[in-house]
Visitor: 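What follows is a single structure, and I will ask about it in a moment.
In the text below, chain A, chain B and the rest are named by the order of the sequence lines, each starting its count at 1.
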Amino acid sequence: MSLAEPLPRASGAAPGQPEWSTPGACCPTGAAVGFARTGGLARFVSDAGEGLKRLDLLVPGVHCAACIQRIEEALPKTPGLRSARVNLSLRRVSATYDPARAEPEDVVEALSRLGYPARPFDARAMHDAERDGEGRDLLARLAVAGFAAMNVMLLSVAVWSGATDATRDLLHWVSALIALPATAFAGVPFFRSALGVLRHGHVNMDVPISLALILAVGVSLFEVTESGTHAYFDAAVSLCFFLLLGRVLDHGARRHARLAAAELGGLQAHSATVVGEGGLRRVVAVEDLRPGDRIEVAAGERAPADGRVIEGASDLDRSMITGESRPEPAAIGAEIHAGVLNLSAPLLVEATATGDDTALAGIARMIQAAEGARTRYVDWALRAAKLYVPIVHLAAAVTFAGWLLAGLDLRDAVLIAAAVLIITCPCALGLAAPAVHAAAGGRLFRAGIFLKDGAALERLADVDVAVFDKTGTLTTGEPTLVEAPEAPALWSAARALAQVSRHPFSKALAAAAEARGLPAAPATALKEVPGCGVEGEIDGRPARLGRADWCGAEAAADAGSAVWLRLGDEAPVRFGFEDPLRPDAAATVAALQARGLEVRLISGDAEAAVARAAAEAGIARWRAGATPADKVAALEALAAEGRTVLMVGDGINDAPALAAAAASISPASAADVSRAAAGMALAGSRLNPVVVALDVARAAKARVFENFAFAALYNACAVPLAAFGFVTPLIAALAMSGSSIVVTLNALRMRRAGRAAEAAGEALGAPPATGGPA
Amino acid sequence: MTILLATIPASLVLGGLGLAAFLWSLRRGQYRDLEGDAARILFQDEDRPRADPPADPKG
């Protein structure tokens with residue numbers, strides 16, 4: 001295979017492949033991408049020794065061998081840059097450079113010249129997750145336990161096949177020599193955790209595990225010194241092995257969730273352009289802004305701080321903050337909030353509040369307050385442990401006391417009680433939840449859903465109300481032309497005027513004209529009048545495209561969702577826009593309702609727009625004009641009624657509600673804050689994955705509880721056997737391995753979960769907006 | 001049964017070698033970028049081993 005060809009996994013487009021793996025073709029074409037000015041990169045630089053500096057960047061665009069080669073060859077050729085190393089699994093580039101000859105910005109620029117947008121992340125904050133010391137530690141212990149289990153099991157088979165006398169003792173002693181150090185090393189995570197909770201007067205699953213391990217090894221050692229027949233060394237090490245396997249799976253799922261959360265967590269360096277004395281401009285990190293600073297906000301940028309416009313006029317898109325979908329004009333003196341998008345012309349803003357004082361930071365505090373409800377959630381495994389631990393300990397104690405009273409000697413009573421603890425040791429229970437979580441996480445990832453929090457899956461399985469946001473969630477968040485005149489001359493004129501503006505209406509109009517194949521009319525003296533529209537001359541006649549009153553039309557009630565075109569003295573004509581629903585919005589709502597969920601719509605937008613969207617999507621209960629606090633209050637009211645709420649939203653105004661809801665999902669286009677607050681994030685432009693996620697979560701719940709039921713059944717059979725002294729080491733080994741394998745196989749059934757919903761979404765034919773061959 | 005005196009140590013040594021090899025590769029950080037390693041075998045130029053980032057010598 002030549003390197004020019006995409007690798008099979010990167011060629012995407014096959015069913016079941018995540019759609020974001022195909023941004024058009026395989027790799028960036030090499031054409032430079034726009035590279036946002038990122039100030040304050042210095043905060044992300046670490047020391048690489050030998051006088052070099054190191055910068056770690058998140059580069060979502062790398063996904064094949066050709067990408068690795070292109071980046072690793074081109075970056076060291078850039079002046080000042082020394083080396084680059086791509087980590088394809090984590091989509092990272094780690095570059096070293098000479099601080100005397102290059103700036104950290106040069107690394108980002110070099111990558112963007114190759115066609116890869118890059119953004120920094122806080123390497124120190126992610127260091128632990130990335131180094132993954134705990135994961136490696138668990139793997140090492142798993143390897144030792146596996147080695148010991150295999151060897152001790154071989155020796156035990158010889159004993160079970162009938163070795164006697166000196167041979168049996170020899171085999172037992174060799175087993176003891178392997179099992180003792182192996183259990184002491186591999187059991188450490190359980191011992192440590194059990195000691196930790198016992199010190200605080202609680203119990204968890206690790207207490208019976210530790211007891212069983214210590215008793216199994218201790219009793220067996222005593223038996224061996226007495227030349228006895230009952231040695232449980234194989235049980236002790238295989239217990240360790242299966243339980244560590246559960247821990248490794250659990251840790252892997254948590255680590256993925258943590259990395260996803262950290263990446264989506266908006267650790268990007270946001271920068272602002274401050275205009276100083278004498279018009280001197282410098283780029284500073286948002287954290288370094290102070291009230292009174294004069295900030296330039298270019299067209300197409302988001303405001304970095306709260307402030308007041310002191311120069312210029314433009315249109316503002318406040319939808320991320322308020323949910324209001326119509327752009328509104330802003331002139332000198334207008335209030336502007338951090339996060340508001342500036343649409344048409346540069347503005348000079350005097351900062352009135354920065355950092356923690358902005359309205360945006362207030363929303364961040366609401367998010368933190370709302371998250372409290374989530375941390376009170378008790379996950380499935382812990383709930384099972386709370387039931388299980390006392391029963392097992394009671395059974396072992398009753399067995400011990402019963403046999404003593406029945407006249408058995410101390411040694412045999414201890415042996416039988418130990419057998420009860422060993423055979424009930426929660427192998428199956430320890431694997432039940434982690435195996436299902438790992439399988440479900442992989443399943444969701446393939447469906448284009450990032451799980452950021454393992455418990456989010458469990459909470460999603462229980463939801464009975466789904467609350468949607470409108471702008472950007474049910475709808476695409478981008479206006480589309482719905483009403484226009486037919487005359488090609490008008491279209492050509494409108495296109496000529498529209499293509500000079502960055503206003504979303506203009507962009508939609510120009511795109512619609514291009515789609516119809518109508519060329520732009522030759523126009524001269526084009527000028528954008530911020531807050532009003534575009535004017536120019538076409539065929540020697542003055543032409544205007546913009547607001548109704550500016551074009552001489554009567555301002556209708558829906559003035560904000562239309563632009564007017566006026567040529568010379570002709571009557572103005574109307575171009576109407578709508579924020580259309582996502583193609584599969586109605587189908588998704590119907591699918592959720594079919595699954596027994598009540599669907600509601602809560603939006604910050606005006607009443608008419610919300611009512612229309614609700615009717616189109618088939619949602620009966622809706623509410624308009626809601627502030628972020630209103631949304632949280634609405635969710636809390638639902639929770640007080642005993643309902644479990646799924647929130648789906650994208651805007652900054654939704655973020656507190658996303659944090660407050662039992663389960664939350666945000667689409668790919670969402671603001672960083674919202675994606676950080678939500679438990680799951682979607683890739684791609686479709687809503688259907690919400691249904692897939694719900695199906696997978698419900699299937700996961702079913703599998704976990706099947707596993708718990710199986711473990712309970714197994715214990716119901718095993719405990720009486722063990723308590724009456726019928727359990728031999730052979731039976732214990734078979735029962736434990738058998739139950740662990742059954743539980744793991746049941747978890748693997750997760751891989752088929754949610755297929756039906758996914759197929760329904762694809763049959764609907766909603767094309768992925770990220771493009772690429774389907 | 002004296003054969004056990006030879007076979008048991010032999011199996012333990014062989015298994016121990018495998019375990020040691022795994023622990024060594026784990027410590028060297030050879031499982032940190034499995035996708036990237038799978039792609040890198042396609043490179044036709046010089047075949048250099050993983051260069052660990054200098055700031056992170058333990059991998």
Visitor: Return all side-chain donor-acceptor pairs below 3.5 angstrom for residues 10-20 of chain B, not counting sequence neighbours, or 'none' if the list is empty.
Guide:
{"residue": "B/Ser11", "atom": "OG", "partner": "B/Ile8", "partner atom": "O", "Å": "3.1"}

Visitor: Is A/Leu154 close to chain B through its backbone or its side chain, or both, or neither, when contacts mean heavy atoms under 4.5 Å?
Guide: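 It is neither, since no heavy atom gets under 4.5 Å.
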Visitor: Measure distances from A/Ile178 to the heavy atoms of chain B and classify the residue's part below 4.5 Å as side chain, backbone, both or neither.
Guide: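 Only the side chain of A/Ile178 comes within 4.5 Å of chain B.
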Visitor: Which atoms form the tightest heavy-atom contact between B/Leu4 and A/Leu171, and what is the distance?
Guide: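 That would be CD1-CD2, 4.3 Å.
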Visitor: Applying salt bridge (Lys or Arg N to Asp or Glu O under 4.0 Å) as the test, list every pair that has at least one member in residues 139-148 of chain A; sequence neighbours left out.
Guide: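 Matches after skipping sequence neighbours: A/Asp137-A/Arg141.
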Visitor: Show the nearest heavy-atom pair for residues B/Ala39 and A/Leu88, with the distance to one decimal.
Guide: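 Nearest pair, atom of B/Ala39 first, then A/Leu88: CB-CD2, 4.0 Å.
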Visitor: At a 4.5 Å cut-off on heavy atoms, which part of A/Val174 comes close to chain B: side chain, backbone, both, or neither?
Guide: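 Just its side chain gets close to chain B.
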Visitor: Within the structure provided, determine whether B/Glu35 and A/Ile68 are in side-chain contact (heavy-atom separation under 4.5 Å).
Guide: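 B/Glu35 vs A/Ile68: side chains apart.
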